[in-house]
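In what follows, every chain begins at residue 1, and chains take the letters A, B, ... in the order their sequences are listed. Hydrogens, waters and symmetry mates play no part in the numbers below; they use all other heavy atoms, side chains included.
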Amino acid sequence: MSPIQPKTPPGVMELLPRDQVAFQRVLDTIRRGYERFGFLPVETPVFELVDVLLTKSGGETEKQVYFVQSTGALQQGKKPELALRFDLTVPLARYVAEHEHELAFPFRRYQMQRVYRGERNQKGRFREFYQCDIDVIGKDSLPLAFDAEIPAVIHHVFTELDVGAFTIRINNRKILQGLLEGMGLGDENARMLALREIDKLPKIGRDQVLANLSAPEIGMADETASRLLDLATPGGDQDHLLGRLRDLARDGGTPLLAEGVEELASVVEGMRALGVPDRNFAIDLTITRGLDYYTGTVYETFLNDYPGIGSVCSGGRYENLASHYTKSRLPGVGISIGVTRLFYQLREAGLIKPATSRTVLVTQMDEQLRTDYYRLAAELRAAGIDTEIHLEPAKIARQLKYADRAGIRFVLLMGSDEAARGTVTVKDLAEGGQQEMPRADLAAHLRARLG
RNA sequence: GCGAACGUAGCUCAGUGGUAGAGCGCUCGGUUGUGGUCCGAGUGGUCGUGGGUUCGAUCCCCAUCGUUCGCCCCA
């Protein structure tokens, strides 16, 4: 009887402790950033009632939903009542609608939890992954200033994450919608399809997009499509692009176009005032976001040095978050960081390395001194230093090997020699050196070395 | 849901129609209180599973399962 093959289900990211610590630090950094801007924590259950979760049925997302069913109900052939959430926005809508009268608006919440999608395996795709969301929900209305604040938070967080240069690409859906409208694309569905094609521009290239736009389902004239792509191609001076858009809006543009351009200009102005430098954002009309519920501002963030990772953070403005659950009008704006993908790819790229533990290891060099080791550890813990004792007596080489594997950097050695002198030897496994010092100085020394 | 590639040691992979190899890892050792590095020894696989062709299959054929990559969509 051979044991069952131990293995993780496909599409999950399971980490060894040292990587888990590194991941935890990424989460901590994001959390601190969100809190710095006054967002409040919310957690919701991993599953929701099916009726609540699948409100806008028929979408792509529904095909990827995991249903939750008890065995008893399953045996009775009942339909599942519960399903795992596939994002944090739908649960947020339910949450806000449910607790509407107990919340302070505009409601600023952050939420960092796992979501589930039954995806086909692919690079950088997970079936279970973390999303770190922030959203601001207004009651009846929500000023555009919030659209400017979101990228400011993202700028703060990604700067703190220290993952190299990044660009927050920003757009307003009304602009392309307005342009398409002005170009005679009246059909709502055709406009949706056109937006989706334009979104693919960086990926499949101009020629392919042109071809797709002139295909029968969309039916744009080549020349019109070409003019559109000229505008949409990213790069160049932001203010210049805004100027061109303004001209277009004034010279016979539709009201929707004018509205989009003014909104975008206002958001850009706000972002700059909030301290987002020009090098960290770019107006990019190809950013449209597939999700239909975005109505105005949309964002996608990319790491300049790792374009292959794709968007690591995206979101936008939606006019009415919870229309399925309440009659109240609740507009919002928000963004989501896909940390699982981000972490996984950064680790692959070598930008994130297994973390070194902050724990100090007290070795047992001499079993006679056991109680001294225990007391030493207690002293250090009282002084605020994470301390572990190698409780299992073993040869010192083995104890050091253990520390090395566990990613512990500092090891304390105290044999009969040190004990007699009232000193402790601090060995640095990373640097290789060691230093003997009075026991009284130990805590301060370690604190300094650990940063 | 559609399309493609790949399944050989714990990992990364070589290999041949005649019942298998490397590197890394892992364990132990290189005596007194020093990990990683270095040196030495050891440990390793019904060649994914089932069937077919063959005197004989890890290799050829079919199926199946699994993994990975792309499309759709998305963090």
Side-chain angles (χ1 to χ4, degrees), chain A residues 2 5-11 13 16 30 59-65 85-89 111-133 154 192-193 196-197 199-200 203-204 208 288-294 299-303 308-316 334-346 356 361 363-369 390 393-419 424-436:
Chain A
S2 67
Q5 265 275 353
K7 57 175 175 185
T8 52
M13 182 180 77
L16 291 171
I30 295 171
E60 283 293 319
T61 32
E62 185 169 353
K63 284 193 280 188
Q64 302 183 340
V65 167
R85 61 178 172 219
F86 47 83
D87 71 7
L88 298 178
T89 306
Q111 187 170 356
M112 305 179 23
Q113 293 191 276
R114 287 193 255 226
V115 303
Y116 299 84
R117 290 183 198 173
E119 300 241 21
R120 199 85 187 146
N121 282 349
Q122 217 180 128
K123 198 181 187 69
R125 293 296 198 79
F126 294 92
R127 300 202 295 182
E128 175 187 73
F129 59 96
Y130 270 90
Q131 286 195 324
C132 299
D133 281 33
I154 292 309
M192 269 325 282
L193 290 174
R196 206 161 276 175
E197 289 307 320
D199 191 48
K200 292 181 192 163
K203 196 169 177 182
I204 65 179
Q208 188 60 50
T288 67
R289 312 284 300 119
L291 297 175
D292 344 324
Y293 54 77
Y294 293 116
Y299 324 93
E300 296 225 34
T301 303
F302 295 83
L303 302 184
I309 296 180
S311 170
V312 292
C313 168
S314 57
I335 205 163
S336 176
I337 301 178
V339 241
T340 302
R341 167 193 283 184
L342 176 66
F343 177 86
Y344 185 82
Q345 306 263 39
L346 288 177
T356 301
L361 182 71
T363 56
Q364 293 207 69
M365 195 158 260
D366 182 347
E367 269 193 86
Q368 304 296 315
L369 297 173
H390 198 285
K395 287 201 307 191
I396 203 66
R398 179 170 286 278
Q399 299 187 46
L400 287 170
K401 192 169 188 156
Y402 164 77
D404 185 53
R405 289 203 154 198
I408 290 171
R409 179 169 177 189
F410 294 107
V411 173
L412 305 184
L413 303 167
M414 183 175 74
S416 48
D417 296 354
E418 284 94 342
V424 174
T425 296
V426 178
K427 184 174 172 67
D428 180 341
L429 294 190
E431 302 282 326
Q434 64 183 48
Q435 191 179 347
E436 186 174 345

For the [atom1] atoms, the ones on [N] and on [M], what distance do you get once it is rounded to whole angstrom?
N	M	atom1	result
B:G48	B:C6	C1'	12 Å
B:A14	B:A9	C1'	13 Å
B:A57	B:G1	C1'	37 Å
B:G17	B:U53	C1'	12 Å
B:U43	B:A22	C1'	16 Å
B:G7	B:U16	P	13 Å
B:U58	B:U19	C1'	9 Å
B:U64	B:G45	P	31 Å

With a non-hydrogen cut-off below 4.0 angstrom, is [X] in contact with a base, only sugar-phosphate, or nothing?
X	answer
A:I396	sugar-phosphate
A:L413	base
A:A403	nothing
A:D417	base
A:K401	sugar-phosphate
A:Q364	nothing
A:G310	nothing

*Toward the 5' end of RNA chain B, by each residue's nearest nucleotide, A:T425 or A:R405*: A:R405
*Between A:F126 and A:D428, who's closer to the 5' end of RNA chain B by nearest nucleotide?*
A:D428
*Give, for atom OG1 of A:T363 and atom CG of A:L400, the distance between the pair rounded to the nearest 0.5 Å.*
7.0 Å
_Could you measure the distance from the CD1 atom of A:I154 to the CD atom of A:E300? Nearest 0.5 Å is fine._
12.0 Å
*Test A:L412 against A:V426 for side chain to side chain contact (heavy atoms under 4.5 Å, CB included), laying out the working first.*
CA-CA 5 Å; A:L412 305 184; A:V426 178; 3.7 Å; yes
Identify the nucleotide, in any strand shown, that forms a Watson-Crick or G-U wobble pair with [N], with both distances under 3.5 Å; if there is none, say none.
N	result
B:C59	none
B:A4	B:U68
B:U32	none
B:C26	B:G42

*A:K395 side-chain proximity, nearest of B:G29, B:C28, B:G33*: B:G29
*asked:* Counting only side-chain heavy atoms from C-beta out, which of B:C74, B:U34, B:G36 sits nearest to A:D404?
replied: B:G36
Once hydrogens and angles are ignored, does a donor-acceptor distance under 3.5 Å link the base of [N] to the side chain of [X]?
X	N	answer
A:R117	B:C74	no
A:R125	B:C73	yes
A:Q434	B:U34	yes
A:Q399	B:G33	no

Nearest-Å distance, [atom1] ([X]) to [atom2] ([N])?
X	N	atom1	atom2	value
A:R409	B:U34	CZ	C1'	17 Å
A:K427	B:G35	NZ	C1'	7 Å
A:E418	B:U34	CD	P	12 Å
A:L361	B:G36	CG	P	15 Å
A:Y402	B:U27	OH	P	15 Å
A:Q131	B:A75	CD	P	7 Å
A:E128	B:C74	CD	C1'	17 Å
A:F302	B:A75	CZ	C1'	11 Å

Exam field: side chain [X] to backbone [Y], donor-acceptor pair closer than 3.5 Å:
X	Y	value
A:S336	A:D133	no
A:R85	A:R114	yes
A:Q434	A:T425	no

*For the residue pair A:F126 and A:Y344, is the inter-centroid distance of their aromatic rings smaller than 6.0 Å?*
yes
*Ignoring backbone atoms, test whether A:T340 places a side-chain nitrogen or oxygen under 4.0 Å from the OP1 or OP2 oxygen of B:A75.*
no
_A:R398 side chain near B:C28 phosphate (N/O to OP1/OP2, under 4.0 Å)_ = yes
*Validation row: A:R409, A:E431 side chains within 4.5 angstrom (heavy atoms)*: yes
